[in-house]
Amino acid sequence: MKRFLLLLTFAFCSAFIFAESLIDEKFGYSMDLPEGYILDSSSDDGLMFLFTHPSMPVNLILRIYKNTDPLAAQKTALGKLGASFETDTFMWGTKECSASTFTMTLDDHYEGLSFSSPLQDSETSLVTIAYVKQANYTKASQFMMSMLNSLSVDEETENLPGILISYLFPSEGSEKIKLEIGGKSITTTIDKCDVEANQFVVDMEFGCFTHYASHKLWKEAWQRYYKLVYRDTKARLYTVSKDIYKGLGIKNKTDYANAILSWTQGFEYKRDNKKNSSSDFTPVMAVLKGEGNDCDSRSMLVSALLNIAGFDSVMIISREYSHAMVGLNLTAPGQTFSFNEKNYLYGETTAPVTFGMVAKTQSDFSKWIVVDVENQINQEN
């Protein structure tokens, strides 16, 4: 199968913890499903689960196979559905996985995407299968891709781009970039595919989010949008963060955090006019190359760099203020907001102020939504 083919109320059972995220404690994998999915049915042996959505016609099957490699497991699962399919293998970090596009006939004609990955014990494979009626495939494709790409199977994959993006955008080698931070010139590297891949994730997640524009769960869907873009972004910034930390040579945590914040405050505000995208979010990897920026991409950049460096940072977003900022859990003077029984300093990326300073016109915390970017399960404000 060619890679370009992929471009085109909660229920409980013994295996799962179900919030906005799905976590299988027994086998160690998790998915951040779009809001509103329910567990429709499961097999008696606890190895197969069907999830459905009341308003989106996209079904999800999770099938676990013991003592079976991912490719064989995927072929078996799709074969039992009577599907016609093409498969391909690829590396997701250190794991050899498989990908498939398929069609099948049940009560109607269906089309879908599937991925298969080894789980933690390496002898057990998880097959994820998303499918929709062929007439709805184009409309639902980003929704399906977002759902499948949210999979993590262990600590390694939690810190990698998602399985679908890793398949579509394999590494193309390093590209040097130069950053000017605090009067110091810092040379670092990103992957040659990072900007394009990061843009793809932004568009994919925005396409999924738009299905919730008038939905009662719009807030949760908005949080999920930023969380999944953040996951891809952070995974691409480890080398950048390491080189910045070494290049700045600042040991004091407060000074280091303010140096990162000050750097982004100095960006020339501009939209990326070169991109052909339905979202107005500038991908962070494009920001690093000077191709545009905005308040939410700046805030995501600061949050990711600080979290990689060992800080505790969140994003906050506001529909009323049309703005985004950073929250930093750090003992220092300044104005804070409370979240998850911790206090976070406000971090404004568009004005020359330190952490803990926020304009009075934007200080009403009831108008802010916290995006807990590092937590697998979304939390309520």
Side-chain angles (χ1 to χ4, degrees), residues 9-11 16-23 30-40 50-62 112-113 128 130-133 135-152 162 164-165 198-233 277-283 294-297 299-300 314-324 339 366-381:
T9 161
F10 301 118
F16 293 119
I17 293 175
F18 221 153
E20 277 77 24
S21 292
L22 164 69
I23 301 174
S30 65
M31 297 183 77
D32 195 337
L33 302 183
E35 278 58 39
Y37 267 92
I38 60 172
L39 177 61
D40 186 276
L50 171 65
F51 295 87
T52 60
H53 196 286
S55 58
M56 274 299 295
V58 179
N59 297 330
L60 172 68
I61 294 175
L62 305 182
L113 309 172
T128 58
Y131 61 98
V132 65
K133 290 182 180 180
N136 297 323
Y137 183 83
T138 300
K139 179 181 178 181
S141 61
Q142 289 180 316
F143 193 94
M144 285 194 295
M145 289 190 292
S146 169
M147 178 165 52
L148 294 172
N149 196 58
S150 73
L151 175 69
S152 296
L164 178 141
I165 296 302
N198 206 206
Q199 180 71 67
F200 188 93
V201 172
V202 169
D203 292 339
M204 175 179 70
E205 298 303 343
F206 186 77
C208 181
F209 169 64
T210 55
H211 291 285
Y212 293 88
S214 302
H215 197 281
K216 64 181 180 180
L217 296 174
W218 69 267
K219 185 183 82 169
E220 291 80 4
W222 201 20
Q223 290 171 309
R224 180 182 182 274
Y225 163 71
Y226 280 108
K227 283 182 63 178
L228 295 184
V229 173
Y230 172 89
R231 173 192 172 177
D232 183 81
T233 299
S277 173
S278 55
S279 170
D280 64 358
F281 180 91
T282 303
D294 39 55
C295 61
D296 44 359
S297 57
S299 298
M300 185 173 291
V314 298
M315 286 181 63
I316 56 174
I317 53 177
S318 174
R319 187 166 63 172
E320 288 81 0
Y321 295 140
S322 298
H323 196 39
F339 176 69
S366 67
K367 296 180 180 179
W368 289 97
I369 298 170
V370 178
V371 184
D372 192 6
V373 289
E374 289 289 317
N375 196 340
Q376 289 186 347
I377 300 178
N378 288 336
Q379 304 285 340
E380 291 290 331
N381 285 1

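Along the sequence shown, residues carry numbers from 1. Just the heavy atoms: all of them, side chains too, but no hydrogens, waters or symmetry mates, feed the values below.
Every residue two or more places apart in sequence or in another chain was checked for a ring-ring contact (aromatic ring centres under 6.0 Å, His included) with Tyr230, and none qualifies. Residues that satisfy the side chain to side chain donor-acceptor pair (under 3.5 Å) test with Ser366, not counting sequence neighbours, are Asp364. Every residue was checked against the ring-ring contact (aromatic ring centres under 6.0 Å, His included) condition with His323, not counting sequence neighbours, and none meets it. Qualifying side-chain contact (heavy atoms from CB on, under 4.5 Å) partners for Ser214, counting only residues two or more places apart in sequence or in other chains: none. Every residue two or more places apart in sequence or in another chain that forms a side-chain contact (heavy atoms from CB on, under 4.5 Å) with Asp232 is listed here: Pro161, Ile165, Asn198, Val201, Arg236. For Ser322, there are no side chain to side chain donor-acceptor pair (under 3.5 Å) partners two or more places apart in sequence or in a different chain.
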### Query
Hey, mind stepping through Leu22 and Phe51 against side-chain contact (heavy atoms from CB on, under 4.5 Å) and telling me if it holds?
CA-CA 11 Å; Leu22 164 69; Phe51 295 87; 3.9 Å; yes
### Message
Using ring pair (Phe, Tyr, Trp, His ring centres under 6.0 Å), reason through Trp222 and Tyr212 one step at a time and then give a plain yes or no.
### Response
CA-CA 8 Å; Trp222 201 20; Tyr212 293 88; over 10 Å; no
### Message
Leu228 vs Asn149, test: side-chain contact (heavy atoms from CB on, under 4.5 Å). Steps then yes/no.
### Response
CA-CA 9 Å; Leu228 295 184; Asn149 196 58; over 6 Å; no
### Task
Please step through side-chain contact (heavy atoms from CB on, under 4.5 Å) for the pair Met56 and His211, ending with a clear verdict.
CA-CA 8 Å; Met56 274 299 295; His211 291 285; 3.6 Å; yes
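Between Glu205 and Lys227 there is no salt bridge, since none of the side-chain N atoms of the basic residue sits less than 4.0 Å from a carboxylate O of the acidic one.
Looking only at side-chain heavy atoms (C-beta outward), Met204 and Leu164 come within less than 4.5 Å of each other. Counting heavy atoms from C-beta outward, Ile61 and Tyr131 have side chains that approach closer than 4.5 Å. Side-chain contact between Met31 and Leu62 is present, with heavy atoms from C-beta onward closer than 4.5 Å.
The CG atom of Leu148 sits 6.5 Å away from atom CG of Leu60, with the distance rounded to the nearest 0.5 Å. With rounding to the nearest 0.5 Å, the separation of OG1 in Thr52 from OH in Tyr37 is 8.0 Å. The CG atom of Leu217 sits 12.5 Å away from the CZ atom of Arg224 when rounded to the nearest 0.5 Å. Considering CG of Asn59 and NZ of Lys133, their distance stands at 10.0 Å, rounded to 0.5 Å. Atom OG1 of Thr128 is separated from atom CE of Met144 by 11.5 Å, given to the nearest 0.5 angstrom. Here the CG-OH distance, from Asp296 to Tyr225, works out to 7.0 Å after rounding to the nearest 0.5 Å.
Looking only at distances, a side-chain donor or acceptor of Ser318 sits under 3.5 Å from a matching main-chain atom of Lys367. With Arg319 contributing its side chain and Lys219 its backbone, the two residues share no donor-acceptor pair below 3.5 Å. No donor-acceptor pair closer than 3.5 Å links the side chain of Ser146 to the backbone N or O of Gln142.
Counting all heavy atoms, side chain and backbone alike, Phe143 lies closest to Cys208 at CD1-SG, 3.7 Å. Closest approach of Val370 and Gln223 over heavy atoms only: O-NE2, 2.7 Å. Of all non-hydrogen atoms in Pro283 and Gln199, the two that sit nearest each other are CG-OE1, 3.2 Å. Taking every heavy atom of both residues into account, Val314 and Val371 meet most closely at CB-O, 3.6 Å.
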